[in-house]
2 protein chains.
Amino acid sequence: MTVSIKDVALAAGVSVATVSRALAKGPVSAALKAKVEAAIAATGYRPNLSARRLRSRHSDTIGLIVSDIRNPFFTAVSRAVEDVAYQAGMRVILCNTDENPDKEAMYLRLMQEERVTGVIFAATRATAETLDAEALGFPVVLIDRAAPGGAADAVVLDNAAAAGLLVSHLREQGHSRIGGLFGNTSSTGAERHAGFAAALAQAGLAAPARFVAPTAEAAQQAVSAWLAEAEAPRALVISNGLLLLGAMRAVRALGLELPRQLALAGFDNDSWTELAGPGLTVIEQPVDEIGRAAMAMLLERLEQPQRSTRKVVLTGRLVVRGSSLA
Amino acid sequence: MTVSIKDVALAAGVSVATVSRALAKGPVSAALKAKVEAAIAATGYRPNLSARRLRSRHSDTIGLIVSDIRNPFFTAVSRAVEDVAYQAGMRVILCNTDENPDKEAMYLRLMQEERVTGVIFAATRATAETLDAEALGFPVVLIDRAAPGGAADAVVLDNAAAAGLLVSHLREQGHSRIGGLFGNTSSTGAERHAGFAAALAQAGLAAPARFVAPTAEAAQQAVSAWLAEAEAPRALVISNGLLLLGAMRAVRALGLELPRQLALAGFDNDSWTELAGPGLTVIEQPVDEIGRAAMAMLLERLEQPQRSTRKVVLTGRLVVRGSSLA
DNA sequence: ATGAAAGCGCTAACAA
DNA sequence: TTGTTAGCGCTTTCAT
């Protein structure tokens with residue numbers, strides 16, 4: 001039925017050890033190696049990775065746990081991670097948690113059962129706070145959101161600075177009634193809010209903010225309601241690409257003209273932001289770099305399990321488009 | 001070091017078989033089951049999935065091979081597939097081929113080595129034509145693109161009809177100089193072109209068409225060049241979401257006003273299409289249904305390996321927006 | 001350089 | 001219901 005290394009050995013007239021060595025590029029004479037290769041071709045043999053992992057005790061697999069792969073930010077990061085991983089001979093298991101702590105716990109358990117080499121993880125705040133990398137049995141690199149107190153390695157954006165960049169830009173365009181919309185499950189939302197609030201405080205301005213579930217629908221609803229109020233902001237900072245999508249839908253539904261009636265600026269240079277309305281002003285995250293840096297940190301951590309945790313902080317780039325211009 | 005079922009058995013004072021049964025919800029008395037669970041908690045035991053797969057001879061894993069997860073169509077399909085799969089207790093391996101036949105071959109080999117239960121595969125035309133599901137050793141369900149002659153199960157859109165829908169719509173809006181842009185690597189592009197050409201032929205009109213690599217960049221370039229020509233079309237049908245993105249960038253770069261100077265209609269109701277310009281008229285694919293149907297077909301095929309191959313043809317829905325209105 | 005043999009952690013006969 | 005035992009296919013000593 002299924003052909004094993006034993007069948008190959010038999011067909012080649014060598015021992016299973018020799019076949020294994022030939023496969024692993026170990027010390028095998030050219031003559032035997034040729035015989036083995038012929039036998040593999042003749043039998044149609046394919047190594048069984050489960051057996052290999054069981055015996056060799058390394059899975060060469062990393063887990064990538066994100067909230068939702070439909071978010072273009074995570075899609076882009078995951079492509080970068082996968083490309084690097086496959087080049088390094090590692091597989092990637094991708095999981096979507098929908099920002100649900102129960103699912104996060106479930107997938108972390110799965111990662112243990114898969115005996116993964118390591119995990120790259122965009123955790124909710126709740127999980128990041130209680131994460132115990134020691135107990136998990138594999139290294140974890142957090143992306144997008146960091147753990148408090150440097151409990152784990154992390155690759156993040158300088159969220160506060162980026163939010164400040166957006167506020168400064170809107171101020172330069174003459175805005176003073178600036179509101180902010182943020183996600184309520186991640187530390188990222190909190191950090192961006194902090195930067196937003198600090199920048200406005202420094203300017204002596206109020207910093208009205210709202211927090212919503214991290215979905216386009218929630219954002220659309222929140223923005224619609226907010227803009228209908230008497231003291232509605234004239235400019236809006238939106239904390240991520242998903243929320244920005246919802247905000248933009250609200251703007252369209254209300255028939256508002258950007259930037260005349262409302263200035264809009266947000267996070268994530270998703271491909272559509274350049275095409276919507278007059279183009280949306282956004283903070284571009286270095287998504288490829290985030291993926292690469294996370295993989296690199298994971299590999300470093302594997303080599304030096306004891307070194308102290310690090311946080312790589314990357315800088316966002318302000319992309320100015322029509323939605324925020326005076 | 002790593003705790004195995006043996007350690008649990010020892011701690012619980014039972015045999016390894018009893019632990020295994022307790023884990024598999026086999027016949028175990030409540031008393032022993034409690035002891036086992038206590039021992040698992042005490043030891044922090046986690047089953048080793050590699051060992052389980054090796055011994056049980058089923059991986060409970062399905063492979064999902066797409067061209068590029070950054071394409072929102074595949075992102076959406078993959079989410080649907082994963083949700084169904086995880087509910088059915090299966091894990092998913094996701095691979096990106098970038099429409100590269102070498103990568104396709106490599107990942108199919110990987111699937112064999114993982115001893116996957118089955119594969120859902122968006123193949124290039126080249127690979128679909130030579131696909132031999134028998135030799136692979138696992139069932140394959142093609143998505144988005146079918147194999148000629150029904151060589152494998154498939155879930156596809158009625159591409160020709162959908163393209164016809166777009167042409168009819170543009171005709172109704174009074175257009176007669178209608179051009180089409182299609183991808184050059186997939187059967188999907190070919191089918192959409194066929195439907196496009198047939199619909200225009202029936203109307204007694206010319207059907208100028210161009211074929212490009214399936215990237216936004218190639219589309220942008222092709223559209224820019226085409227619209228600069230003397231006999232440029234006044235309406236454009238674009239074969240998928242990625243190409244549509246490129247086309248839209250070209251439109252913006254040229255400063256064209258939709259739909260006054262150019263009518264635009266295409267495939268894939270990606271979230272941005274409602275926000276770009278006056279909103280883009282598109283064919284919406286039932287992405288969730290595609291994912292679900294593919295998983296369902298895979299499971300059916302596993303139960304009935306011998307039944308003849310089937311092709312599930314789903315219907316696209318025309319979503320009319322401003323980009324194509326007279 | 002090659003082979004014999006042990007055993008990774010688990011499930012599935014088979015016995016009891 | 002429970003325990004004993006034989007492998008699943010592979011890598012890795014340990015000999016030779």
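It should be emphasised that the depicted structure is a prediction, and the values quoted were computed from it without experimental measurement. Chain identifiers are assigned alphabetically (A, B, ...) following the order of the sequence lines, protein sequences preceding nucleic acid strands; residue numbering begins at 1 within each chain.
When heavy atoms are screened at a 4.0 angstrom cut-off, A/R21 is found touching base atoms of the nucleic acid.
Separation of atoms CG (A/L157) and OG1 (A/T188) is listed at 8.5 Å; rounding is to 0.5 Å.
Comparing A/V16 and A/L32, the nucleotide of DNA chain C nearest to each residue sits closer to the 5' end for A/L32. Nearest-nucleotide positions on DNA chain D for A/V19 and B/R55 put B/R55 closer to the 5' end. Mapped onto DNA chain C by nearest heavy atom, A/S29 and B/S56 fall at different nucleotides, with A/S29 at the one closer to the 5' end.
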Inset, instruction - Given side chain to side chain donor-acceptor pair (under 3.5 Å), test A/S59 with A/E114 step by step and report yes or no. - result: CA-CA 8 Å; A/S59 64; A/E114 294 280 5; over 6 Å; no
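For the pair A/R310 and A/D153, the salt-bridge criterion is not met [side-chain N within less than 4.0 Å of a carboxylate O]. Under a 4.0 Å N-O distance rule, the pair A/E82/B/K103 does not qualify as a salt bridge. The pair B/E113-A/R52 does not meet the salt-bridge criterion, since no charged nitrogen lies less than 4.0 angstrom from a carboxylate oxygen.
As rounded to whole Å, 19 Å separates atom C1' of C/dA12 from atom CZ of B/R53. Atom pair B/L10:CG and D/dG3:P shows a separation of 13 Å (rounding to whole Å applied). Atom-to-atom, CG of A/D60 to C1' of D/dC10 comes out at 14 Å; the value is rounded to the nearest Å. Rounded to a whole Å, the NZ atom of B/K6 is 15 Å from the C1' atom of D/dG3. The interatomic distance linking A/K35 (NZ) with C/dT2 (C1') rounds to 12 Å, in whole Å. With rounding to whole Å, B/I5 atom CD1 is found 17 Å from D/dT5 atom P.
Checking C/dC10, D/dG9, D/dG3 against every side-chain atom of B/A17, the shortest atom distance belongs to D/dG3. Among the nucleotides D/dG3, D/dT1, C/dG3, the one closest to the side chain of A/V14 is C/dG3. Side-chain proximity of B/P27 to the nucleotides C/dA4, D/dT2, C/dT2 is greatest for D/dT2. Ranking C/dC10, D/dG9, D/dC10 by closeness to the B/R57 side chain, first place goes to D/dG9.
Dashed line: the shortest gap from a side-chain N or O of A/S20 to OP1 or OP2 of D/dT11 is under 4.0 Å. In this model, the phosphate group of C/dG9 is not approached by any side-chain N or O of B/S4 to a distance below 4.0 Å at OP1 or OP2. The side chain of B/S15 places no N or O atom within less than 4.0 Å of a non-bridging phosphate oxygen (OP1 or OP2) of D/dT4.
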